[in-house]
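Counting begins at 1 with the first residue of the sequence. Because the structure is predicted, anything quoted here is derived from the model rather than measured.
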Amino acid sequence: MFKSLYRMHQNSDRIQPEAVLTGKGAFVMLLIFLGEQLAAEVISVFTALYSLPLGVMEINMIVNGGAMLLMFLFFGGFFIRNLVNFFKEFKSIYIWLPVACYFGATTANIIIQIMLAVVRGEFQNTSNNALVMQLLSQYPIPLLLLTVVIAPITEEAIFRAALSRSMTASSRTWVKVLGFVLSVFLFSFFHIYQFAFFATDASGAVYLTFNFNEFLSIIVYFPMAIGLTLCSFFGKNYWCSVICHMLTNGIAVFMILFAKILVQ
């Protein structure tokens with residue numbers, strides 16, 4: 001079903017051909033992503049207008065879960081073919097590459113956090129991470145499902161399968177570079193744009209703004225974005241970057257939970 005949305009790409013270092021999204025497939029995947037973001041905003045507005053019993057966690061579960069269902073409806077063949085290849089032609093790179101990218105990104109992230117602390121005069125957590133920590137104390141199980149399972153699958157489909165791998169599989173160098181840069185920048189931008197360009201007043205109304213401090217936080221996400229894109233490029237399998245993403249989010253969530261237990 002919807003086979004025109006992906007193609008089988010033969011890599012020289014693989015026996016099994018890799019399922020890669022076509023230009024049409026990448027466009028459809030990005031439409032699903034934009035629809036997900038729009039749906040989140042619409043639901044938030046209706047929640048405020050009609051005092052619906054929906055919080056940030058509920059809205060995120062609805063829109064992310066809906067996006068994942070749409071992705072599997074349109075791209076079921078793409079996901080399944082890559083999963084079959086993952087196990088049928090299992091390589092050690094599918095394990096050591098995500099682990100190496102995780103530790104490399106974590107080390108780079110620590111260095112960037114220290115540099116930002118020096119510039120700002122104090123250590124500041126990103127607003128996105130602060131929101132995750134807040135929701136984790138209120139909804140530990142749903143947030144664990146969202147951050148460790150749903151988000152890695154949907155975000156890798158969008159930022160790696162649609163934006164980078166569909167382009168880095170090209171034979172043209174400039175297309176490879178463009179795919180890599182777009183994936184890294186847009187993934188990082190996705191995690192900060194709501195806090196950098198939107199704000200809420202006392203009445204709950206949302207308005208446009210620009211917060212340079214929040215925008216500067218985009219560089220905090222560069223190491224993870226680069227690591228995930230490298231997983232996609234060298235792993236040559238969608239699920240390779242998903243594993244790295246699950247590993248990154250999973251360790252972060254469990255460290256927060258462990259810290260809370262120690263404090264108590």
- Item | M115, CE atom: more than 12 neighbouring heavy atoms under 6.0 Å |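 Atom CE in M115 is not packed in, count stays at 12 or less.
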- Message: Is it the case that atom CZ in F212 sees more than 12 heavy atoms from other parts of the structure closer than 6.0 Å?
- Response: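 No, CZ of F212 has 12 or fewer neighbouring heavy atoms, counting only those of other groups under 6.0 Å.
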Are side-chain heavy atoms of [X] and [Y] found at a separation under 4.5 Å?
X    : Y    : answer
E41  : Q194 : yes
R120 : L216 : yes
F198 : L208 : yes
I158 : L30  : yes
N249 : P152 : yes
F2   : V28  : no
N129 : Y221 : yes
L143 : V253 : no

If you group Ile, Leu, Val, Met, Phe, Trp and Tyr by side-chain heavy-atom gaps below 4.5 Å, do [X] and [Y] land in one group?
X    : Y    : result
Y238 : I226 : yes
F27  : L21  : no
M29  : L31  : no
L83  : V20  : no
L247 : F234 : no

Which residues satisfy the side-chain hydrogen bond (donor to acceptor under 3.5 Å, both in side chains) test with [X], sequence neighbours excluded?
X    : result
S241 : E156
Q124 : E122, N213
S183 : R160, T229

[atom2] on [Y] to [atom1] on [X], rounded to 0.5 Å:
X    : Y    : atom1 : atom2 : result
L182 : S166 : CG    : OG    : 9.5 Å
T248 : L228 : OG1   : CG    : 6.0 Å
Q37  : L34  : CD    : CG    : 7.5 Å
F258 : I251 : CZ    : CD1   : 14.0 Å

Tell me whether [X] contacts the main-chain N or O of [Y] through its side chain, where contact means a donor paired with an acceptor under 3.5 Å.
X    : Y    : value
T168 : K176 : no
E58  : G55  : yes
N211 : E214 : yes
N82  : N237 : no
T126 : S217 : no

For [X] versus [Y], what's the shortest heavy-atom pair and its separation?
X    : Y    : result
I219 : P223 : O-CD, 3.4 Å
S44  : A40  : OG-O, 2.8 Å
S232 : S164 : OG-OG, 3.9 Å
S4   : K24  : OG-NZ, 3.4 Å
N125 : A130 : ND2-N, 3.8 Å

- So I218 and F189, side chain to side chain contact (heavy atoms under 4.5 Å, CB included) or not? Walk me through it. CA-CA 6 Å; I218 192 173; F189 183 76; 4.1 Å; yes
- Item | E18: partners by salt bridge (charged side-chain N to carboxylate O under 4.0 Å, His left out), with sequence neighbours left out |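 Applying salt bridge (charged side-chain N to carboxylate O under 4.0 Å, His left out) to E18 gives R165.
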- Message: Are F215 and Y193, when compared by the centres of their aromatic rings, separated by less than 6.0 Å?
- Response: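 Centroid distance F215-Y193: not below 6.0 Å, so no.
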- Message: Are F75 and Y6, when compared by the centres of their aromatic rings, separated by less than 6.0 Å?
- Response: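 No, ring centres 6.0 Å or more apart.
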- Query: For F187, which residues count as a ring-ring contact (aromatic ring centres under 6.0 Å, His included) partner, sequence neighbours excluded?
  - Reply: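 Expected list: F159, H191, H245.
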- Among residues two or more places apart or on two chains, list those pairs meeting salt bridge (Lys or Arg N to Asp or Glu O under 4.0 Å) that have a residue in residues 222-237.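 Every pair satisfying salt bridge (Lys or Arg N to Asp or Glu O under 4.0 Å) with a residue in residues 222-237: D13-K236.
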- Item | Residue pairs, two or more places apart or on separate chains, that pass salt bridge (Lys or Arg N to Asp or Glu O under 4.0 Å) and touch residues 25-36 |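 Listed by first then second residue: nothing to list.
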- Just one of I153, T147, L146 clears the side-chain contact (heavy atoms from CB on, under 4.5 Å) bar with V149, so which one?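 Testing each of I153, T147, L146 against V149, the sole residue satisfying side-chain contact (heavy atoms from CB on, under 4.5 Å) is I153.
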Atom pairs and distances, donor-acceptor, side-chain atoms in residues 84-100, under 3.5 Å, two or more places apart:
residue : atom : partner : partner atom : Å
N85     : ND2  : P17     : O            : 2.5
E89     : OE1  : Q16     : N            : 3.4
E89     : OE2  : I15     : N            : 2.3
E89     : OE2  : Q16     : N            : 3.2

Can you give me every donor-acceptor pair (side chain of residues 131-138, partner residue at least two apart or in another chain, under 3.5 Å) with its distance?
residue : atom : partner : partner atom : Å
S137    : OG   : Q134    : O            : 2.6

Using distance only, find each side-chain donor-acceptor pair of residues 103-114 under 3.5 Å and give its atom names and separation, not counting sequence neighbours.
residue : atom : partner : partner atom : Å
T106    : OG1  : Y102    : O            : 2.8
T107    : OG1  : F103    : O            : 2.8
N109    : ND2  : V220    : O            : 2.8

- Taking only residues two or more places apart in sequence, or in another chain, which ones meet V181 in a side chain to side chain contact (heavy atoms under 4.5 Å, CB included)?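 Applying side chain to side chain contact (heavy atoms under 4.5 Å, CB included) to V181 gives V177.
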- Task: Check the pair L54, F46 against side chain to side chain contact (heavy atoms under 4.5 Å, CB included), reporting the backbone distance first and the verdict last.
- Result: CA-CA 10 Å; L54 294 174; F46 273 87; over 6 Å; no
- Please walk me through it: do F197 and T209 pass side chain to side chain contact (heavy atoms under 4.5 Å, CB included)? CA-CA 5 Å; F197 295 97; T209 185; 5.9 Å; no
Let me check something: any side-chain donor-acceptor pairs from residues 59-74 under 3.5 Å, sequence neighbours excluded? List them with distances.
residue : atom : partner : partner atom : Å
N60     : ND2  : V56     : O            : 2.8
N64     : ND2  : N60     : O            : 2.8

- Item | Steps toward ring-ring contact (aromatic ring centres under 6.0 Å, His included) verdict (F180, F233) | CA-CA 9 Å; F180 197 98; F233 180 73; 7.3 Å; no
